[in-house]
Amino acid sequence: MRVLTCVRPGKMEMTGKPVPVPALNEVLLKIKKVGICGTDLHAFSGTQPYFNYPRVLGHEIAAEIADPNGNAGFKTGEIVTIMPYFNCGNCNACLKGKTNCCVNLKVAGVHTDGALQEYFTVPANCVIPNSSLSTDQLTLVEPFSIGQHALSRTAYNEDDTILIIGAGPIGIGLAQLAVQKKGKVIIADMDENKIDYCNKIKGLQTILIHSGNMNKEVMAQTSGAGADIVFDATGNLKAIESGLSYLAHAGAYILVGLQKQPFAFSHPEFHKKETTLMSSRNATRRDFDAVIDFFMQSKAATADYITHRLSFSDAEEAFPAILHEKSKVIKAVIEF
């Protein structure tokens, strides 16, 4: 079978190896589609903090079961996605139901090899069947679940204003989930193409960031109070450190994007607002189930979210183009 490996920053390489044999309590998947996310792009560019090379990328998956391997509840040919966070089940976090931040967590495509290969073995308890969704939708369940988990970290109510900084795939998914609830939702980005996309989402207000006017725009849209909840979905250091200035007093700031470097805030500014600061890592099965339910009820959620489709055969050469600003990518998917 063919395997596409990120051998070092900026270099993908297609190689061959035997089809893997599933171990006990694993199933063998035949990959149909793999979404490319910010984690993959950061790994490719050398800025992913939890990463070693070489590594097979890919954790946003639509697949069919090639071999259930005796695991009850699965059948050959069944269409599935996976929860790509392989947790130990025994640590303090797992025992509290917080499997998303397991002490011994192995994320497919980050800590262990991912799905950019024709066949892939995964723990049976991470496989999520759903024949009601398309393979496009199944590929998008994981990134939307990241947004769903971030929302679940807040005590969001209909009187709150949410500001999402960063209109990448995670930020847009988070925005689409947030606008289903009552309340005001704003998304901000520097990319005009992404803001044009967001302007099509009913109930979402947008800010196209120009140098020097972000704070003014946020305050204008929040009657001078700032946003009750601010999500950073950029992972950009400057954006993270600026986010506190858009937050209302008694507000919550949730860091969804990931940054390699330390960040800093003005302590007096942080303190006077009695700011709640949180991170949001990965997602839980509850989040995946909520997103699947959302997709089943909302056909428009993924209608034009996938803007770029690459053939697996061509992905070694085509992958770098996804990083290029002129590609105007929202979500790229590799098809097998």
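What's counted below: heavy atoms across the whole structure, side chains too, no hydrogens, waters or symmetry copies.
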Colleague: Is Thr307 reaching over with its side chain to a backbone N or O of Val329, donor-acceptor style, under 3.5 angstrom?
Modeller: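 Flag not set: sc Thr307 to bb Val329 has no pair under 3.5 Å.
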
Colleague: What's the shortest heavy-atom distance between Met219 and Gly226, and which atoms?
Modeller: SD-N, 3.5 Å

Colleague: Is any side-chain N of the basic residue among Asp136 and Arg309 closer than 4.0 Å to the acidic one's carboxylate O?
Modeller: yes

Colleague: Say whether, by atom type as modelled, one donor and one acceptor occur between the side chain of Asn215 and the main chain of Ser245 under 3.5 angstrom.
Modeller: yes

Colleague: Check the orientation of Phe144 and Phe295. Use parallel for under 30°, tilted for 30 to 60°, and perpendicular for over 60°.
Modeller: perpendicular

Colleague: Looking only at heavy atoms, what is the nearest atom pair of Cys37 and Glu60, with distance?
Modeller: CB-OE2, 2.8 Å

Colleague: Does Asn130 use its side chain to pair, donor to acceptor, with the backbone of Ser132 at less than 3.5 Å?
Modeller: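 Flag set: sc Asn130 to bb Ser132 pair under 3.5 Å.
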
Colleague: Return yes if a side-chain donor-acceptor contact under 3.5 Å exists between His149 and Asn100, otherwise no.
Modeller: yes

Colleague: Side-chain heavy atoms under 4.5 angstrom apart, residues restricted to Ile, Leu, Val, Met, Phe, Trp, Tyr: same cluster for Ile187 and Val230?
Modeller: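 Result: no, two separate clusters.
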
Colleague: Shortest non-hydrogen contact from Phe51 to Val110?
Modeller: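 The pair with the smallest heavy-atom distance is CD1-O, 3.9 Å.
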
Colleague: Determine whether a donor-acceptor pair (N or O, by modelled atom type, separation under 3.5 Å) exists between the side chain of Asp67 and the backbone of Leu28.
Modeller: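 Side chain of Asp67 to backbone of Leu28, a donor-acceptor pair under 3.5 Å: no, none is there.
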
Colleague: I'd like to know if the side chain of Ser223 and the backbone of Ala225 have a donor-acceptor N/O pair within less than 3.5 Å.
Modeller: no

Colleague: Group every Ile, Leu, Val, Met, Phe, Trp and Tyr by side-chain heavy-atom contacts under 4.5 Å, then state whether Met14 and Leu116 land in the same group.
Modeller: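 Result: yes, single cluster for both.
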
Colleague: Which pair of non-hydrogen atoms, one from Arg153 and one from Ser280, has the smallest distance, and what is that distance?
Modeller: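 Reported closest heavy-atom pair: CG-OG, 4.0 Å.
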
Colleague: Pick from Thr139, Thr135, Thr81: which one makes a side chain to side chain donor-acceptor pair (under 3.5 Å) with Lys33?
Modeller: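 Exactly one candidate clears the test, Thr135.
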
Colleague: So, Lys11 side chain and Thr5 main chain: donor-acceptor pair closer than 3.5 Å or not?
Modeller: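 Checking the backbone N and O of Thr5 against the side chain of Lys11, no donor-acceptor pair under 3.5 Å is found.
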
Colleague: Say whether Tyr246 and Leu204 are linked into one hydrophobic cluster, either directly or through other cluster members, by side-chain heavy-atom distances under 4.5 angstrom.
Modeller: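 The answer is no; the residues belong to distinct hydrophobic clusters.
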
Colleague: Would you sort out whether Lys32 and Glu335 count as a salt bridge (Lys or Arg N to Asp or Glu O under 4.0 Å), showing the intermediate values?
Modeller: CA-CA 6 Å; Lys32 308 295 285 184; Glu335 301 180 324; over 6 Å; no

Colleague: If you measure from CG on Leu57 to CE on Met12, what distance do you get to the nearest 0.5 Å?
Modeller: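 Here the interatomic distance stands at 4.5 Å.
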
Colleague: Sub-3.5 Å donor-acceptor pair from the side chain of Asp228 to the main-chain atoms of Thr161, do we have one?
Modeller: yes

Colleague: SG of Cys198 to CD1 of Ile172: how many Å apart, nearest 0.5 Å?
Modeller: 4.0 Å

Colleague: If you measure only the distance, is there a donor-acceptor pair under 3.5 Å linking the side chains of Arg2 and Thr15?
Modeller: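 Their side chains do not contain a donor-acceptor pair, so the 3.5 Å distance test is not met.
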
Colleague: For Ala188 and Met214, which heavy atoms make the closest approach, and how far apart are they?
Modeller: CB-CE, 3.5 Å

Colleague: Could you check whether Glu118 pairs with Lys30 (Lys NZ or Arg NE/NH1/NH2 to Asp/Glu carboxylate O, under 4.0 Å)?
Modeller: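 Between Lys30 and Glu118 there is no salt bridge, as every charged N stays at least 4.0 Å from the carboxylate O atoms.
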
Colleague: Charged N to carboxylate O under 4.0 angstrom, Glu269 versus Lys272?
Modeller: yes

Colleague: With clusters defined by side-chain heavy atoms of hydrophobic residues (ILVMFWY) lying less than 4.5 Å apart, directly or transitively, does Ile229 cluster with Val218?
Modeller: no

Colleague: Can a donor-acceptor pair be found, under 3.5 Å and without considering hydrogens, that links the side chain of Thr234 to the backbone of Asn236?
Modeller: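 Confirmed, Thr234 side chain pairs with Asn236 backbone.
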
Colleague: Indicate yes or no for a side-chain donor-acceptor contact from Tyr85 to the backbone of Ala108 under 3.5 Å, with no hydrogens or angles considered.
Modeller: no

Colleague: How far does NE2 of His111 sit from CG of Leu105, to the nearest 0.5 angstrom?
Modeller: 6.0 Å

Colleague: Look up atom CD1 in Ile128 and atom CD1 in Ile82, then write down how far apart they are to the nearest 0.5 Å.
Modeller: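 Spacing of CD1 (Ile128) from CD1 (Ile82) equals 8.5 Å.
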
Colleague: With a 4.5 Å cut-off on side-chain heavy-atom distances among I, L, V, M, F, W and Y, is there a chain of contacts connecting Ile65 to Met1?
Modeller: yes

Colleague: Should Gln148 and Phe294 count as side-chain neighbours, where that means a heavy-atom distance under 4.5 Å?
Modeller: no

Colleague: Does Gly235 offer a backbone N or O that forms a donor-acceptor pair with the side chain of Asp232 under 3.5 Å?
Modeller: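 Checking the backbone N and O of Gly235 against the side chain of Asp232, a donor-acceptor pair under 3.5 Å is found.
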
Colleague: For residues Gly89 and Cys94, report the shortest heavy-atom separation together with the two atoms involved.
Modeller: N-SG, 3.3 Å

